[in-house]
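Step one of this worksheet: look at the structure below.
Whatever order the structure lists ligands and atoms in, that order sets their numbers, starting from 1. In this text the structure is predicted, and so the values were computed from the model without any measurement.
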Amino acid sequence: MTQSREIRLKSRPVGLPAPEHFEMATTTLPEPGQGEVLVRNLFMSVDPYMRGRMYDRPSYVPPFAVGAPLEGGAIGEVVQSGDPSLKPGDHVMSMMGWREAFVAPANTLEKLPQMAGVPTQAWLGVIGMPGLTAYAGLLAIGEPKPGETVFVSGAAGAVGSIVAQIAKIKGCTVVASAGTDAKCEWLKSLGIDHVINYRSCGNLLEAVHKAAPKGIDVYFDNVGGEHLEVAIELARPFARLVECGMISGYNATEAEPGPKNIIMIVGKSIRMQGFIVTNYAHMRPQFIADMSGWIAEGRIKWEETIVDGLEKAPEAFIGLFSGSNMGKMLVRV
Ligand code: NAP
């Protein structure tokens, strides 16, 4: 019998989550039966959307239950198999993060291929859910055309850094914002045209206007709040606002007022559309083909911030809200 440590939601946070909202427990796993496998996790993902699942309210995914282990994307190695489709040593992707090990039906897991130059944990980042979010949101909703100007917030994060680079590949001028000088330097090293540290720039509207004096055609929104207002203000006629996320409001204890200049979307014929990546699964085969090609050609680069130890997962998750990650935030289990 295998013992596994897991992290449970101890109570629902109000405002910014803190370590006391999580608890570590140890559970005993059964032997894998026929059609099942025992998997030991190698990496797990922490993602901003998990904050939404900590509220007890209806949403596109059900809330986490208090007292139950948290869930999320993870990559693990098969240790014991009761199914011919998986053998010990295979790497699999699951939604069974926040725990050291688990037993699950083999047909609920995705066996990961070996890809040259792509480490296994990249399936949680650049070539995984965040990568597809960037690809589908920018291309299917943003519809960028060569020569257009794309503004992306949260640009040094898992999604934003890929959006910025795909927009360059598509021949756009890219204005990117991020919260530290080190993140801005990394974005510049990727060839991003204009990079703004939104924390130190003084006036965000002026800074973006200076970078994009003729305005912006596509805004890829990861943060909401002031960034969204600036994007509406500087949007050109027929601009597309891709509403991917609004992390600046995820810990708000009261509903935040909407952008005060929202009326401009009428006169400028702006299209503003939200999306959830799971509704774009049909784009995944093309995404994987394009992304693996861009990686092989050196046209897409990525960063990871790896926190070691399952017990540090709450800290890693909370760190998303203060920007402690550059690129994809991961926990090595
Ligand atoms: P991430 O960008 O890697 O990490 C979060 C980053 O947000 C932090 O590093 C921080 O960077 C920034 N941030 C935190 N608080 C902020 C604030 N108050 N104002 C401005 N920036 C703030 O996370 P990710 O996984 O790539 O997700 C990015 C966004 O996409 C999130 O809004 C997430 O919910 C959304 N998302 C949506 C979908 C979908 O299907 N729609 C799928 C995946 C992700 P700085 O240091 O730059 O502030």
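Connectivity analysis of hydrophobic side chains (ILVMFWY, heavy atoms under 4.5 Å, direct or indirect) links L29 to L38, V79, V103. Cluster partners of F238: none. The rule joins Ile, Leu, Val, Met, Phe, Trp and Tyr whenever side-chain heavy atoms lie under 4.5 Å apart, and it links nothing here.
Judged by distance alone, with hydrogens and angles left aside, the side-chain atoms of K312 form no donor-acceptor pair with the main-chain N or O of A316 at under 3.5 Å.
Each of P48, M129, T133, G157, A158, V159, A178, G179, K183, Y198, R199, N222, V223, C244, G245, M246, I247, S248, Y250, F275, I276, V277, L320, F321, G323, N325, G327 has a non-hydrogen atom positioned under 4.0 Å from some atom of ligand 1.
H227 and Y198 have perpendicular rings, their planes meeting at more than 60° on a 0 to 90° scale where under 30° would count as parallel.
The side-chain hydrogen bond (donor to acceptor under 3.5 Å, both in side chains) search around S189 returns none, not counting sequence neighbours.
Under the 3.5 Å distance criterion, with hydrogens and angles disregarded, no donor-acceptor pair is assigned to the side chains of N41 and R99.
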